[in-house]
Amino acid sequence: MLMAIPNVKRYRITSPDGADTATLMAVLPKDVDLDVYLKEASSRFDWKAWREQKASQTKVRVGQQKQKKAK
């Protein structure tokens, strides 16, 4: 059974060059300035590693495979 973390919200951050967006999940305190937090998180985000990981994902199509009959 999966346990969800309460009060987690998803935020979209944009890379400094504006080319990519990523989703950031965070629980923020009540008195935090959201715009400042997201700008700082975007600057600290490892965009290079994120792009490499995104490029390395290959989509493999899984089709119907012949099943062997058990004897």
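As the structure is a computational prediction, the values presented were derived from the model and not from experiment.
- In terms of modelled atom types and a separation under 3.5 Å, the side chain of Ser42 and the main chain of Thr14 share a donor-acceptor contact.
- Listed by first and then second residue, the salt bridge (charged side-chain N to carboxylate O under 4.0 Å, His left out) pairs that reach into residues 10-23 are Asp17-Arg51, Asp20-Arg51, sequence neighbours excluded.
- In the hydrophobic clustering (ILVMFWY side chains linked at under 4.5 Å, chained through shared members), Phe45 is joined by Tyr11, Ile13, Leu24, Leu28, Val32, Leu34, Tyr37, Leu38, Trp47, Trp50.
- The heavy-atom pair separating Ser15 from Ala19 by the smallest distance is OG-N, 3.3 Å.
- Listed by first then second residue, pairs satisfying salt bridge (charged side-chain N to carboxylate O under 4.0 Å, His left out) with a partner in residues 31-42 read Glu40-Arg44, not counting sequence neighbours.
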